S.K.: 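Please see the structure below; I have some questions.
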Amino acid sequence: MRTQVAIIGGGPSGLLLSQLLHRKGIDTVVLERKTRDYVLGRIRAGILETGFVNLMREAGVADRMDKECFVHDGTVISHGDTQFTIDFKDLTDTSVVVYGQTEVTRDLYDAREAMDGTVIFNAENVQIHGADSDAPHVTYTTDGDEHRIDCDFVAGCDGFHGVSRQTIPLTVRREYEKLYPFGWLGILSETPPVHDELIYSCSSRGFALCSMRNENLSRYYIQCSLSDSPDDWSDDAFWQELKRRIPSEYADKLVTGPSIEKSIAPLRSFVTEPMRWGRLFLCGDAAHIVPPTGAKGLNTAASDIHYLYNGLIQHYLDGDDTGIDTYSEKALARIWKAERFSWWMTNLLHRFPDQSEFDLKMQAADIAFLRDNRAAQTVLAQNYVGLPY
Ligand SMILES: Cc1cc2nc3c(=O)[nH]c(=O)nc-3n(C[C@H](O)[C@H](O)[C@H](O)COP(=O)(O)OP(=O)(O)OC[C@H]3O[C@@H](n4cnc5c(N)ncnc54)[C@H](O)[C@@H]3O)c2cc1C
């Protein structure tokens, strides 16, 4: 088989790139290790920046999102029993939207199918060959049969555990990582959200987040120990702990119910440099991870796709390689700022096992400054709604 761009990974990054390029007449093949149902079963991000929304519109897959998403003009931050709102709209004239990653991925799969885009599921043992040559190719197996795709470029959109990053030699690749000493226990429940905005809560018992997907689907998280397993937490124990960590005004009216999904995500900051090696380009979680506190994971994946998509259009339609030659530099400049923001939000709102009394006072002062200072709120809002591409 031959294609112009071989895309490894059929998550949101790979599908969005494939859909955008197809609409410009650029041929792609997406290789996905799992099944479509498996990918759609992963409950992950839910807050989309305007840049992401605009890319979905450009990809022609925004109809359902535009109808069903919820626009959020602000968010609540609480510390103990005090709380305040960061008004994104007032501070930046921009909002974010709530629309689940599952829905984004479903819309992209439907669009790929409607356009007869090639997505190969259950692609095992994917390997990238000759990425540093002028003629790369990718091999993979399905049902025990080996296949080969010759291509001009390879887009590595295969997430943190994928093969693409590992293809870049260690002599070229440099990795930066920070692991946090806790995780997030998250549940999804078919209950109305406790509030119409997200609530980020810093409490003496640890962090909690009240989020949502729609009017009758709520997503709640509590900071937990890395040694915990979801089975250690009954639904009842989760709800009780959540209520202890959020202001009583919300705890009193929280509607609880059975969880329909429960999982623990460890928190990690990670960046690999460079994001290009020869004809291989890394995008999304394949190149970087953020702790979810700033809602940046999916949104940083989208900004990578924006830079790569535009670089590839320039290459194919104008014969100009400037975009692909500056891809890594441009993508990383934005990524590092999102990394800083996510790290800062995580430090601001979580309890760390080694925090001293002094550290706790610093954290309280930081939050009080944010509550009372419009400039500090503006900085948070600018980062949360997304820095410009
Ligand atoms: C548990 C969890 C919770 C999260 N919660 C949030 C959140 O609340 N907010 C937020 O902003 N972000 C969140 N994120 C991050 C966000 O989901 C990711 O940033 C986003 O999924 C990145 O998209 P991606 O397409 O780059 O990678 P992925 O979504 O990881 O997709 C990569 C795809 O590549 C496939 N693949 C992997 N290896 C291979 C291979 N060798 N060959 C072929 N295919 C392969 C995988 O099966 C997968 O479908 C969360 C992430 C996790 C893991």
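Note that the structure is predicted; figures quoted are calculated from it, not measured.
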S.K.: Is D235 salt-bridged to K262, cutoff N-O under 4.0 Å?
M.R.: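 Salt bridge flag = yes for K262 with D235.
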
S.K.: Cluster partners of M362, using ILVMFWY side-chain heavy atoms under 4.5 angstrom, listed by chain and number?
M.R.: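 Result for M362 is F358.
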
S.K.: Sort out for me which residue in M1, E32, R33 forms a side chain to side chain contact (heavy atoms under 4.5 Å, CB included) with I120.
M.R.: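 When side chain to side chain contact (heavy atoms under 4.5 Å, CB included) is applied between I120 and each of M1, E32, R33, only M1 qualifies.
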
S.K.: Applying salt bridge (Lys or Arg N to Asp or Glu O under 4.0 Å), name anything that partners R165, two or more places apart in sequence or on another chain.
M.R.: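 Scan of R165 (salt bridge (Lys or Arg N to Asp or Glu O under 4.0 Å), adjacent residues dropped) gives E175.
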
S.K.: Sequence neighbours left out, what passes side-chain contact (heavy atoms from CB on, under 4.5 Å) with V30? Give chain and number order.
M.R.: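 V30: side-chain contact (heavy atoms from CB on, under 4.5 Å) contacts with I7, S18, V119.
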
S.K.: Taking only residues two or more places apart in sequence, or in another chain, which ones meet V172 in a side-chain contact (heavy atoms from CB on, under 4.5 Å)?
M.R.: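 Only I168, P169, P274, W277 meet the side-chain contact (heavy atoms from CB on, under 4.5 Å) criterion with V172.
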
S.K.: Partners of R148 by side-chain contact (heavy atoms from CB on, under 4.5 Å), sequence neighbours excluded?
M.R.: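 R148: side-chain contact (heavy atoms from CB on, under 4.5 Å) contacts with H137, T139, D150.
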
S.K.: Between N347 (side chain only) and W343 (backbone N and O only), is there a donor and an acceptor less than 3.5 Å apart?
M.R.: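 Side chain of N347 to backbone of W343, a donor-acceptor pair under 3.5 Å: yes, one is there.
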
S.K.: Drop me the distance from E113's CD to M115's CE, to the nearest 0.5 angstrom.
M.R.: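 Spacing of CD (E113) from CE (M115) equals 13.0 Å.
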
S.K.: Is it the case that the side chain of S328 and the backbone of M275 share a donor-acceptor pair, with hydrogens and angles ignored and the cut-off at 3.5 Å?
M.R.: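 Flag set: sc S328 to bb M275 pair under 3.5 Å.
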
S.K.: Answer with yes or no after comparing the ring centroid distance for H350 and Y180 against a 6.0 Å cut-off, counting only values under it.
M.R.: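 No: the rings miss the under 6.0 Å criterion.
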
S.K.: Is the CZ atom of R174 crowded by more than 12 outside heavy atoms at less than 6.0 Å?
M.R.: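 Not buried by this count: 12 neighbours or fewer within 6.0 Å.
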
S.K.: Just checking H79 against F84, ring centres under 6.0 Å apart?
M.R.: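 Here the rings of F84 and H79 have centres that are no less than 6.0 Å from each other.
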
S.K.: Is the closest basic N to carboxylate O distance between D325 and K330 below 4.0 Å?
M.R.: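 A salt bridge is absent here (no side-chain N lies under 4.0 Å from a carboxylate O).
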
S.K.: Report, one line per pair, each donor and acceptor closer than 3.5 Å where one atom sits in a side chain of residues 97-105; sequence neighbours left out.
M.R.:
residue: Y99; atom: OH; partner: R64; partner atom: NE; Å: 3.4
residue: Y99; atom: OH; partner: R64; partner atom: NH2; Å: 3.3
residue: Y99; atom: OH; partner: D107; partner atom: OD2; Å: 2.6
residue: Q101; atom: OE1; partner: A45; partner atom: N; Å: 3.1
residue: E103; atom: OE1; partner: R64; partner atom: NH1; Å: 3.2
residue: E103; atom: OE1; partner: R64; partner atom: NH2; Å: 2.7
residue: T105; atom: OG1; partner: Q101; partner atom: O; Å: 2.6

S.K.: Consider only side-chain N and O atoms of S227 and S225, and report whether a donor and an acceptor are under 3.5 Å apart.
M.R.: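 Indeed, the side chains of S227 and S225 share at least one donor-acceptor pair under 3.5 Å.
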
S.K.: Do T142 and N122 have side-chain atoms, one donor and one acceptor, less than 3.5 Å apart?
M.R.: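 No pair is found: no donor N or O on one side chain lies under 3.5 Å from an acceptor on the other.
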
S.K.: Does E215 CD have over 12 foreign heavy atoms under 6.0 Å away?
M.R.: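 No, the 6.0 Å shell around CD holds no more than 12 heavy atoms from other groups.
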
S.K.: Using the six-membered ring of Y309, assess whether NZ or CZ of K24 lies under 6.0 Å from its centre and within 45 degrees of the ring axis.
M.R.: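 K24 over Y309 ring: no.
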
S.K.: Backbone N or O of I324 within a donor-acceptor pair of the D321 side chain at under 3.5 Å?
M.R.: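 Such a contact is absent between D321 side chain and I324 backbone.
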
S.K.: Honestly curious: do F352 and L209 fall in one hydrophobic cluster under the side-chain, below-4.5 Å linking rule?
M.R.: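 As far as the 4.5 Å side-chain criterion goes, L209 and F352 are connected within one cluster.
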
S.K.: Check the surroundings of atom CG in D354: do more than 12 heavy atoms from other residues, nucleotides or ligands lie under 6.0 Å from it?
M.R.: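 Counting other residues, nucleotides and ligands, CG of D354 exceeds 12 neighbours.
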
S.K.: Any idea how Y221 and W184 line up, ring-wise: parallel (<30°), tilted (30 to 60°), or perpendicular (>60°)?
M.R.: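 Correct class here is tilted.
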
S.K.: What do you reckon, is NZ of K361 surrounded by more than 12 foreign heavy atoms closer than 6.0 Å?
M.R.: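 Open: at most 12 neighbouring heavy atoms sit under 6.0 Å from NZ of K361.
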
S.K.: Going by the rule side-chain contact (heavy atoms from CB on, under 4.5 Å), which residues pair with D116 if we only count those two or more places apart in sequence or in a different chain?
M.R.: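 Partners of D116 under the side-chain contact (heavy atoms from CB on, under 4.5 Å) test: none.
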
S.K.: Measure centre to centre between the rings of Y327 and Y307, then say whether the value is under 6.0 Å.
M.R.: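 No, the ring of Y327 stays outside the 6.0 Å limit from the ring of Y307, centre to centre.
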
S.K.: With a cut-off of 6.0 Å (strictly less than), are more than 12 heavy atoms of other residues, nucleotides or ligands near CH2 of W344?
M.R.: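 Atom CH2 in W344 is crowded, with more than 12 foreign heavy atoms closer than 6.0 Å.
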
S.K.: Strictly by modelled atom types, are R351 and Q223 linked by a side-chain donor-acceptor pair under 3.5 Å?
M.R.: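 The answer is no; no qualifying pair exists.
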
S.K.: Might you work through the salt bridge (Lys or Arg N to Asp or Glu O under 4.0 Å) test for R57 and D66, ending with a clear yes or no?
M.R.: CA-CA 9 Å; R57 292 193 181 129; D66 283 334; 2.9 Å; yes

S.K.: Tell me whether the count of non-hydrogen atoms from other residues, nucleotides or ligands lying under 6.0 Å of OH in Y176 goes above 12.
M.R.: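 More than 12 heavy atoms, drawn from other residues, nucleotides or ligands, come within 6.0 Å of this atom.
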
S.K.: Any salt bridge (charged side-chain N to carboxylate O under 4.0 Å, His left out) involving residues 367-389? Give me the pairs, sequence neighbours left out, ordered by first then second residue.
M.R.: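 Passing the test, one end in residues 367-389: D90-R374.
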
S.K.: Any luck finding a side-chain donor-acceptor pair between T3 and D27 under 3.5 Å?
M.R.: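 Note: T3 and D27 side chains meet the donor-acceptor criterion.
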
S.K.: Please answer whether the main-chain N or O of I149 pairs with a side-chain N or O of R2 as donor and acceptor at a distance below 3.5 Å.
M.R.: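 Judged by distance alone, no pair lies under 3.5 Å.
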
S.K.: Look only at the side chain of N383 and the backbone of V379, and say whether a donor-acceptor pair between them is shorter than 3.5 Å.
M.R.: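 Side chain of N383 to backbone of V379: a pair is present.
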
S.K.: Can you list the steps and then say if D73 with S95 is a side chain to side chain donor-acceptor pair (under 3.5 Å)?
M.R.: CA-CA 5 Å; D73 290 339; S95 309; 2.6 Å; yes

S.K.: I'd like to know if the side chain of D37 pairs up with that of T35 as donor and acceptor (distance under 3.5 Å, no hydrogens or angles considered).
M.R.: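 Side-chain D/A pair, D37 to T35: absent.
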
S.K.: Quick one: closest heavy-atom pair of R36 and D110, and the distance?
M.R.: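 In this case the closest contact between R36 and D110 is NH2-OD1, 2.7 Å.
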
S.K.: Would a line drawn from the ring center of F121 to the ring center of Y109 be shorter than 6.0 Å?
M.R.: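 Yes: the rings meet the under 6.0 Å criterion.
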
S.K.: Indicate whether any N or O donor in one side chain lies under 3.5 Å from an N or O acceptor in the other, for D304 and H288.
M.R.: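 Yes, H288 and D304 have a side-chain donor paired with an acceptor closer than 3.5 Å.
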
S.K.: Aromatic ring centroids of F182 and F207 under 6.0 Å?
M.R.: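 No, the ring centres sit 6.0 Å or more apart.
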
S.K.: Clusters formed by hydrophobic residues whose side-chain heavy atoms approach within less than 4.5 Å: which one holds I260, and what are its other members?
M.R.: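 I260 shares its hydrophobic cluster with I43, L188, L217.
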
S.K.: With no hydrogens and no angle check, is any side-chain donor or acceptor of E124 less than 3.5 Å from a backbone partner on T141?
M.R.: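 No; judged by distance alone, with no hydrogens or angles, the pair does not exist.
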
S.K.: Under 3.5 Å, is there a donor on one side chain and an acceptor on the other for S78 and S201?
M.R.: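 Side chains of S78 and S201: pair found under 3.5 Å.
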
S.K.: Considering non-hydrogen atoms only, spot the tightest contact between S303 and T300 and give its length.
M.R.: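 For S303 versus T300, the nearest heavy atoms are OG-O, 3.0 Å.
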
S.K.: Got more than 12 heavy atoms from elsewhere within 6.0 Å of CD, Q240?
M.R.: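 Check passes, neighbour count above 12.
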
S.K.: Which pairs pass salt bridge (charged side-chain N to carboxylate O under 4.0 Å, His left out) with one or both residues in residues 334-346, sequence neighbours excluded?
M.R.: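 Checked against salt bridge (charged side-chain N to carboxylate O under 4.0 Å, His left out) - neighbours excluded - the pairs reaching residues 334-346 are E49-R334.
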
S.K.: Does one hydrophobic cluster hold both M212 and F52, with members joined at side-chain heavy-atom distances below 4.5 Å?
M.R.: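 They do not share one cluster, since no chain of ILVMFWY contacts under 4.5 Å joins M212 to F52.
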
S.K.: Do R219 and E261 meet the salt-bridge criterion of a basic N to acidic O distance under 4.0 Å?
M.R.: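 R219 and E261: salt-bridged.
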
S.K.: Output every pair passing side-chain hydrogen bond (donor to acceptor under 3.5 Å, both in side chains) with a member in residues 204-213, not counting sequence neighbours, ordered by first then second residue.
M.R.: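 Passing the test, one end in residues 204-213: R205-E241.
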
S.K.: Do L179 and F270 have side chains that get closer than 4.5 Å, going by heavy atoms?
M.R.: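 No - every pair of side-chain heavy atoms lies 4.5 Å or more apart.
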
S.K.: Share the residues that join I199 in a hydrophobic cluster, the rule being Ile, Leu, Val, Met, Phe, Trp or Tyr side chains under 4.5 Å apart at the heavy-atom level.
M.R.: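 Direct or chained contacts put I199 with V76, L185, I187, V194, Y220, I222, W233, F238, W239, L242, I246, Y250, L254, I264.
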
